[in-house]
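As the structure is a computational prediction, the values presented were derived from the model and not from experiment. Residue numbering restarts at 1 for every chain, and letters A, B, ... go by the order of the sequence lines.
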Protein chains: 2
Amino acid sequence: MANYCECEGCELRSLFFNNVNKTELLSLCTLKVERSFERGDLIVEEGAPIEEFIYLKSGLVKLYKLSGDEEQIITIAKPLDFVSLLSVFANNHYKYSVRAIEDSVICCLNIQNVKDLVKSNGNFALDLLEKMNRVADNIILESLEIRRKHLRGRIAHVLLYFAEYIYNSNEFDLPISRKEIAEYIGMTTENVIRTMSEFRKDKVIKINGKTIEIINKPLLEKISALG
Amino acid sequence: MANYCECEGCELRSLFFNNVNKTELLSLCTLKVERSFERGDLIVEEGAPIEEFIYLKSGLVKLYKLSGDEEQIITIAKPLDFVSLLSVFANNHYKYSVRAIEDSVICCLNIQNVKDLVKSNGNFALDLLEKMNRVADNIILESLEIRRKHLRGRIAHVLLYFAEYIYNSNEFDLPISRKEIAEYIGMTTENVIRTMSEFRKDKVIKINGKTIEIINKPLLEKISALG
DNA sequence: TCATTAACATGATATATATCATAAAGTGAT
DNA sequence: ATCACTTTATGATATATATCATGTTAATGA
């Protein structure tokens, strides 16, 4: 019986389940499933019925929507963004797809369990409301931010997003292709590649395949702000 | 004592407060304030502290964000979209501004009261989660929809949005200026005006100042879908 | 009422970005 | 190792949209 559930030590607990006590946690965890995905794997498919309450335990995912044969990337999310929840209370079916862009582990809770917990534990309900609000806010604000910039500013913004928000380092491996950056910022692949090459020529960044190093951050920030 | 509160007959109750009983409602309403705004009035100012839980009882508002001297319109909301809630649980200060674009009435509840109700009434908490999810979803989906279209498609989309979603009629008075349409779809004012003139010349719409009549809806829908 | 400003309108031109073309380098499968 | 395929790369050209200019009309305020 013992170790089917490690939630008590779960790194997410303090943030996500702040106000959930051990008994409640155990009851959630009884019906919990943890799943691993490799980079590139589809985690959630648009249109599929929502049967679980999913959060990202580790890794990195992209949230996107298909329109025709094109993908529109809505956001790149790391743990605690738990974007998969966005539609979870409002819809029966997923409105977006989620794909792992790094090896990822998700934790799936029974959705009815979570709803029951919302009903019975008011502090958890408030926590959840706050987190949902924050996730939605971030996506909306980020999208406005990108929208008001031009090509160069958008790309600078995305590079800074990875450096500061995702990897906390000026050197990192891009987890997505240039094409995907294009799908995120709403520009063409060629222009993403071209602009990154320009940044390289202007000695703002170094490029080595997927590896990016920001070597003139103040300038990149300026491009992001003004471009 | 009697009639300070009409919430029991409030049209919103069935949707918004489905699961709130009379006693709870009365306790909310004791601290409720109803406020009227004229077209053009500022209802909520970005940066101001969030002290109330606001929903739109009647009218029409625009939700927008300032960047420099420019306004970016996030969404046009009618009652039951109650957009003002979007940040309410996640932030202490408003991240957006809200302005009446038609005469509007809002209902302001004490935010602590609402939080208490979330804690004590699980069904209300679930309702609120669902509604927050839906509002966020709509804004995100709408924004993606607009993003993937070109100028003509975006304008067709906006005209259909007013005709179908807001006014339920092929003839309506635009509540916003061409400049504001531009701020909503991320294009310039001149191009909005020009494109609407083209639609007029192509006999897709009739224009009489602010009054718009859609006279070839199938074509407008086609432009929205393909443009 | 007139003056002032904002909204609407339209054309000419400039500019940013998309599209098309081509190729090298990387990746995965057989 | 080879083949097919995707990604990265770069240049030339086309196109969509922004910018600039100018005028008219409608709204707003003293």
Side-chain angles (χ1 to χ4, degrees), chain A residues 38-41 62 68-73 99 101 146-159 173-202 205-213 223 226-227, chain B residues 38-41 62 68-73 99 101-102 146-159 173-202 204-213 223 226-227:
Chain A
E38 286 182 15
R39 178 196 188 98
D41 287 348
K62 66 171 177 178
D69 51 347
E70 308 249 296
E71 280 183 14
Q72 282 185 287
I73 295 183
R99 190 179 293 273
I101 56 177
I146 286 172
R147 202 181 84 180
R148 66 190 193 80
K149 296 179 200 291
H150 287 180
L151 174 58
R152 286 168 60 86
R154 289 183 188 187
I155 290 170
H157 179 90
V158 168
L159 294 175
D173 280 3
L174 266 183
I176 58 175
S177 67
R178 315 289 196 264
K179 179 160 174 273
E180 286 171 303
I181 292 179
E183 288 164 348
Y184 183 41
I185 66 173
M187 300 273 159
T188 58
T189 310
E190 292 97 319
N191 277 329
V192 171
I193 292 168
R194 215 189 307 274
T195 304
M196 283 177 60
S197 296
E198 280 170 33
F199 286 175
R200 175 174 44 74
K201 283 169 200 158
D202 296 345
I205 60 173
K206 278 186 187 168
I207 302 178
N208 194 338
K210 292 280 192 195
T211 305
I212 305 291
E213 187 188 353
I223 295 170
L226 304 178
Chain B
E38 286 181 16
R39 178 198 188 97
D41 287 348
K62 66 170 177 178
D69 51 347
E70 308 248 296
E71 281 184 12
Q72 282 185 286
I73 295 183
R99 190 178 292 273
I101 55 176
E102 286 183 357
I146 286 172
R147 201 180 85 179
R148 66 191 194 80
K149 297 178 199 292
H150 287 181
L151 175 58
R152 288 167 59 87
R154 289 183 188 188
I155 290 170
H157 178 89
V158 168
L159 294 175
D173 280 4
L174 266 182
I176 58 175
S177 66
R178 315 288 197 265
K179 178 159 174 274
E180 288 171 302
I181 293 178
E183 287 164 349
Y184 183 40
I185 66 172
M187 301 272 157
T188 57
T189 310
E190 292 97 317
N191 277 329
V192 171
I193 292 168
R194 216 189 306 272
T195 305
M196 283 177 62
S197 296
E198 280 170 31
F199 287 175
R200 176 174 44 72
K201 283 169 200 157
D202 296 345
V204 183
I205 58 174
K206 278 185 186 167
I207 302 178
N208 194 337
K210 292 279 192 196
T211 305
I212 304 291
E213 186 188 353
I223 295 169
L226 304 177

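Environment of NZ in Lys210(A): crowded, with over 12 heavy atoms of neighbouring residues, nucleotides or ligands closer than 6.0 Å.
Arg200(A) comes within 4.0 angstrom of sugar-phosphate atoms only, judged by non-hydrogen atoms across all strands, and of no base. Within the 4.0 angstrom heavy-atom criterion, only backbone atoms of the sugar-phosphate kind lie near Met187(B); the bases stay farther away. Contacts of Leu151(A) with the nucleic acid, taken as non-hydrogen atoms under 4.0 Å apart, involve only primed sugar atoms and P, OP1 or OP2. The residue Thr188(A) sits close to a base: some heavy atom pair falls under 4.0 Å.
At dT7(D), none of the side-chain N or O atoms of Arg178(A) fall inside 4.0 Å of OP1 or OP2 (strictly under the cut-off). Using a 4.0 Å cut-off, some side-chain N or O of Asn191(B) falls inside it from OP1 or OP2 of dA18(D). The side chain of Lys210(B) places no N or O atom within less than 4.0 Å of a non-bridging phosphate oxygen (OP1 or OP2) of dA26(D). In this structure, Thr189(B) does not reach the dA7(C) phosphate: none of its side-chain N or O atoms is under 4.0 Å from OP1 or OP2.
Without hydrogens or angle criteria, Arg39(B) side chain to Pro175(B) main chain gives a donor-acceptor distance under 3.5 Å. Remark: side-chain polar atoms of Asp41(B) are paired, donor with acceptor, to backbone N or O of Glu38(B) under 3.5 angstrom.
Taking atom NZ on Lys179(A) and atom C1' on dC5(D), their separation rounds to 13 Å, with Å as the unit. Regarding Lys149(B), its NZ atom lies at a distance of 17 Å from the P atom of dA16(D), rounded to whole Å. The NZ atom of Lys201(B) sits 6 Å away from the P atom of dG11(C) (whole-angstrom rounding). Going from atom CG of Asn208(A) over to atom C1' of dT8(D) covers 13 Å, rounded to whole Å. Between the C1' atom of dT8(D) and the CD1 atom of Ile205(A) lies a distance of 13 Å, rounded to the nearest Å. If you take CD1 of Ile185(A) and P of dA16(C), they are 16 Å apart, rounded to a whole angstrom. Distance CD1 (Ile193(B)) to P (dC20(D)): 16 Å, rounded to an integer number of Å. Atom CE of Met196(B) and atom P of dA7(C) are 14 Å apart (whole Å).
Side chain Glu190(A) to base dC20(C): a donor-acceptor pair is found below 3.5 Å. On a pure distance criterion of 3.5 Å, a polar donor-acceptor pair joins the side chain of Arg194(B) and the base of dT19(D).
Between Glu198(B) and Arg194(B) no salt bridge is recorded (no basic side-chain N to carboxylate O distance below 4.0 Å). Between Glu180(A) and Lys62(A), at least one side-chain N (NZ, or NE/NH1/NH2) sits under 4.0 Å from a carboxylate O, which counts as a salt bridge.
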